[in-house]
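Below is one structure, written out as structure tokens; comments come after it.
Remember, it's 1-based here, ligands and their atoms both numbered in the order they're listed. As the structure is a prediction and not an experimental result, all values here were calculated from the model.
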Amino acid sequence: MIQNKAPGKDVSIEDLKEKFPLAAKKNVDHYSSFNIAGVSFGKEFIPVMAGPNMVENEDLIVKTAINVKKSGAEFLRGGAFKPLSFPYRSEKYNETRENGIKWLGIAKKEANIGIITEVMEEKYLDLVCDVADIIQIGSRNMQNYPLISEAAKTQKPLMIKRHYGASLRDWLGAAEYALYEGNSKIILCERGVSVPHTHRDSSRFLLDLQVVPAAKELTHLPIAVDPSHATFWRPWVESMTLASIAAGADSIMLEVHPDPSNAAVDPLQPIDFKDFSKLMGKMQKIATVIDKKVIHV
Ligand code: PEP
Ligand code: MN
């Protein structure tokens with residue numbers, strides 16, 4: 001074991017060799033690419049994952065699946081199990097849990113779309129794996145190493161969202177836990193960090209786009225960006241999504257809801273079907289500049 005003489009938030013040569021040898025690039029041109037449900041990650045194609053924050057009901061999730069697929073999204077997102085910040089629930093503000101997973105399964109069939117959904121507890125891994133093509137490890141669980149290890153052991157692809165207070169070093173450490181279990185289909189997702197200034201009282205996070213090139217210097221894993229959670233504010237989603245593509249994002253996660261202002265969770269951030277469709281067209285244009293693609297043509 002090489003002695004790490006200056007452990008800190010920056011990544012050292014020792015870290016790359018000893019702390020996350022599996023996540024670290026082996027040479028400058030080392031970038032992983034893999035297929036998930038027939039969709040290529042890590043190459044010139046940039047898969048879009050879109051859907052509501054929460055799988056609220058069957059009708060909403062099926063309708064959203066059909067609409068986002070029509071606009072070119074490859075994956076439907078939506079949480080049935082959610083890390084809601086407070087324990088109180090109402091009829092509307094309530095995780096749909098087993099029902100939500102069932103509805104995601106129906107949407108998957110009806111729209112012929114891949115599914116990404118969050119798992120919060122190891123005991124629900126089997127259930128979530130029945131429907132998910134990608135298991136989401138939410139930002140709040142980025143350092144829940146037993147959960148990451150067990151999720152990785154299923155050999156389902158994982159997307160690990162960066163905690164809003166985590167350094168790139170910590171994030172790569174989380175990825176290493178997953179890779180260590182022999183699971184090579186690991187995606188990292190930037191979703192905004194906590195900083196003193198976010199330019200609006202209601203915006204809790206700042207999109208750290210600089211982490212995309214920074215991560216790509218060190219790791220071969222595909223880097224996704226979620227501008228919805230990062231901005232927390234609908235009017236900023238379009239520009240930050242286009243900037244994410246330009247910054248080199250390998251995938252984009254977006255919140256899309258049929259009636260955004262009435263979304264059960266985080267109603268300030270989702271966009272509607274029409275805006276999503278327009279945004280997909282703009283993303284495709286920006287992607288063309290860097291020889292990439294968001295929509296298969
Ligand atoms: C989500 O994607 O639904 C979510 C809760 O995101 P995050 O973990 O980034 O807050
Ligand atoms: Mn959320």
Any Lys82 heavy atom less than 4.0 Å to ligand 1: yes

If I apply the N/O under 3.5 Å rule, does Lys161 come out as touching ligand 1? yes

Partner set under ring-ring contact (aromatic ring centres under 6.0 Å, His included) for Tyr145, not counting sequence neighbours: Tyr177

Got an N/O contact under 3.5 Å between Asp226 and ligand 1? no

Tell me, with the steps shown, if Glu217 and Lys25 meet salt bridge (charged side-chain N to carboxylate O under 4.0 Å, His left out). CA-CA 8 Å; Glu217 274 179 5; Lys25 288 170 77 159; over 6 Å; no

Salt bridge (charged side-chain N to carboxylate O under 4.0 Å, His left out) for Glu95 and Lys82? Distances and angles first, verdict last. CA-CA 6 Å; Glu95 292 172 278; Lys82 297 233 19 107; over 6 Å; no

Can you find a non-hydrogen atom of Arg77 under 4.0 Å from ligand 1? yes

Which atoms of ligand 1 have any heavy atom of Gly138 under 4.0 Å away? 8 (O)

Give the single entry among Met120, His229, Glu255 that approaches atom 4 (C) of ligand 1 most closely by any heavy atom. His229

Among Arg234, His257, Glu255, side chain to side chain donor-acceptor pair (under 3.5 Å) partner for Gln269: Glu255

Does Leu172 form a side-chain contact (heavy atoms from CB on, under 4.5 Å) with Asp15? I'd like the steps, not just the answer. CA-CA 10 Å; Leu172 295 178; Asp15 290 335; over 6 Å; no

Shortest non-hydrogen pair, Phe45 vs Ser40, comes out as CD2-O, 3.8 Å

Check ligand 1 against Arg191 and write out every atom of the ligand that is under 4.0 Å from a heavy-atom position of the residue. 7 (P), 9 (O), 10 (O)

